Amino acid sequence: MNHTSIDDHHLISQVLPRHVAIIMDGNGRWAKRKGLPRIAGHKKGVEVARKIIIKSCELGIPYLSLFAFSKENWQRPREEVETLLALLVEYLNKELPLMMEKEIRFKVIGDKEDFPEVLRKKIDEVEKLTSNNNKMTLVLALSYSGRAEILRAIKKILEKLKEKALKPEEITEESLRNFFYFPELPDPDLLIRTSGELRISNFFLYQIAYTEFYFSEMLWPDFTEEEYLKALKSYQQRERRFGRVYEF
Ligand code: IPE
Ligand code: IPE
Ligand code: MG
């Protein structure tokens with residue numbers, strides 16, 4: 001089944017990002033503006049994420065990563081954290097059939113050990129069941145922190161050095177990635193943040209050296225496919241130079 005429109009065809013005819021990363025921000029403010037509890041914003045946010053996942057898959061974007069819960073988010077009120085975790089379990093239960101249907105491979109980056117056992121088990125189960133799907137890889141950043149990822153890599157490297165399983169000269173900008181949560185994940189080509197905030201909030205740090213940014217004023221629960229296409233078009237109009245000079 002194909003749901004692509006003329007607009008989509010125009011997009012697909014040009015170079016699409018291989019990896020789109022999204023900081024889905026603004027759920028709380030969306031709810032507050034509507035006089036609802038913050039969790040109502042998270043619930044709406046899950047629906048929006050579903051739409052964007054499907055759209056990305058249809059467009060043929062190979063990797064989509066969504067920042068769903070940061071290490072720092074543990075500091076939020078207990079009730080909000082607990083409801084978010086419950087939402088995640090519900091999400092994984094509900095969306096497994098969609099992932100199978102759309103051939104989406106699911107992968108979590110972040111400290112899974114931080115989560116209660118039910119969630120950890122669910123994550124492992126969905127990762128395993130979807131591991132052979134190869135239309136798109138959906139990466140969910142959970143209890144993720146860019147700094148923690150780098151620190152964890154350093155510690156793993158030190159272990160290897162101690163065991164003499166690695167030589168210092170073997171540590172390169174590329175081999176360092178082997179110690180990240182998901183070594184095969186390419187650097188994001190495009191990073192989108194919603195809600196008008198102009199910061200990274202500890203999402204990918206090492207990986208964004210040459211990433212293109214798109215900041216949207218929309219709160220995540222209001223984010224639309226149209227706005228997503230706008231971000232992708234904006235990306236397609238940029239000249240990525242990687243420090244070089246292109247003569248003409
Ligand atoms: C993003 O929305 C979702 C999570 C961080 C879990 P927020 O909950 O940060 O919403 P705002 O930024 O307070 O509006
Ligand atoms: C970043 O949003 C984390 C996620 C979207 C999951 P935050 O709302 O936690 O970031 P700050 O606190 O505004 O920087
Ligand atoms: Mg926020």
Side-chain angles (χ1 to χ4, degrees), residues 19-53 56 63-92 94-95 106-116 118-120 122-123 138-152 180-182 185 188 190-208 211-224 227-228 231:
H19 176 190
V20 177
I22 308 183
I23 303 176
M24 310 180 290
D25 198 16
N27 295 352
R29 277 163 284 168
W30 181 88
K32 194 172 175 202
R33 279 179 204 173
K34 292 198 150 20
L36 298 167
R38 291 179 59 85
I39 197 68
H42 296 317
K43 282 194 178 142
K44 184 77 201 321
V46 172
E47 287 171 31
V48 174
R50 182 176 212 269
K51 272 198 306 195
I52 297 306
I53 292 165
S56 305
Y63 294 89
L64 172 70
S65 52
L66 304 176
F67 201 5
F69 192 82
S70 74
K71 260 246 185 273
E72 291 76 23
N73 288 150
W74 288 109
Q75 296 162 60
R76 293 189 177 194
R78 216 185 90 188
E79 201 194 319
E80 180 173 345
V81 170
E82 277 176 4
T83 331
L84 267 170
L85 298 186
L87 257 180
L88 275 166
V89 179
E90 188 191 316
Y91 172 81
L92 291 175
K94 226 177 81 191
E95 300 298 19
F106 177 76
K107 183 83 193 158
V108 164
I109 54 170
D111 288 334
K112 284 188 229 176
E113 315 81 71
D114 293 347
F115 290 106
V118 259
L119 184 52
R120 239 171 26 227
K122 199 78 236 168
I123 291 169
L138 169 65
V139 177
L140 213 55
L142 294 176
S143 198
Y144 177 88
S145 140
R147 284 185 175 174
E149 180 172 46
I150 294 168
L151 187 63
R152 184 173 166 272
F180 286 167
Y181 292 111
F182 188 24
L185 187 65
L190 172 67
L191 185 136
I192 300 170
R193 183 172 189 149
T194 59
S195 88
E197 305 294 359
L198 306 177
R199 56 177 173 265
I200 297 299
S201 301
N202 214 354
F203 199 18
F204 296 122
L205 294 179
Y206 187 83
Q207 297 91 334
I208 55 167
T211 298
E212 297 291 331
F213 293 143
Y214 185 90
F215 294 103
S216 168
E217 286 297 321
M218 279 185 182
L219 301 173
W220 179 252
D222 288 327
F223 195 72
T224 57
E227 181 71 358
Y228 186 41

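Side chains are part of it too, since the values below use all heavy atoms of this structure and drop only hydrogens, waters and symmetry mates. Indexing begins at 1, ligand by ligand and atom by atom, following the structure's order. Model, not experiment: these values are computed from the prediction.
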Suppose we screen for ring-ring contact (aromatic ring centres under 6.0 Å, His included). Which residues come up paired with W30, at least two apart in sequence or across chains?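 None.
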What residues, two or more places apart in sequence or in another chain, satisfy ring-ring contact (aromatic ring centres under 6.0 Å, His included) together with Y181?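 Scan of Y181 (ring-ring contact (aromatic ring centres under 6.0 Å, His included), adjacent residues dropped) gives Y144.
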Is K44 reaching over with its side chain to a backbone N or O of P221, donor-acceptor style, under 3.5 angstrom?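 Yes.
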Around the Mg ion (ligand 3), number of protein N/O/S atoms which are nearer than 2.8 Å: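 Every protein N, O or S atom under 2.8 Å from the Mg ion (ligand 3) counted, the figure is 1.
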Hey, does the side chain of R29 reach the backbone of S195 with a donor-acceptor pair shorter than 3.5 angstrom?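 Answer holds: yes.
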About how many Å separate CG of L66 and CZ of F203, when rounded to the nearest 0.5 Å?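 Here the rounded value is 7.5 Å.
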Shortest non-hydrogen contact between S145 and A148, atoms and distance: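 For S145 and A148, the tightest heavy-atom pair comes out as OG-N, 2.9 Å.
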Tell me, yes or no, whether the heavy-atom count around K112 atom NZ, taken from other residues, nucleotides or ligands under 6.0 Å, exceeds 12.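 Result for NZ/K112: enclosed.
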Any R193 heavy atom less than 4.0 Å from ligand 2: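 It does, in that a heavy atom of R193 comes within the 4.0 Å cut-off of ligand 2.
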Which label fits F223 and W220: parallel for a plane angle under 30°, tilted from 30 to 60°, or perpendicular past 60°?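 Taking W220 first and then F223, their aromatic rings lie parallel (interplane angle under 30°).
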Side chains of L140 and I123 in contact at under 4.5 Å (non-hydrogen atoms):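 Side-chain contact under 4.5 Å: no.
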Can you find a heavy atom in the side chain of F115 that is under 4.5 Å from one in the side chain of V108?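 In short, these two side chains do not touch, never coming nearer than 4.5 Å.
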Could you name the protein residues that come within less than 4.0 Å of ligand 1, counting only heavy atoms, and order them by chain and residue number?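 Correct list: M24, D25, G26, N27, G28, R29, R38, H42, A68, N73, R76, L84.
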Taking only heavy atoms of R199 into account, list the atoms of ligand 2 that are under 4.0 Å away from them.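 Near R199, the atoms of ligand 2 are 11 (P), 13 (O), 14 (O).
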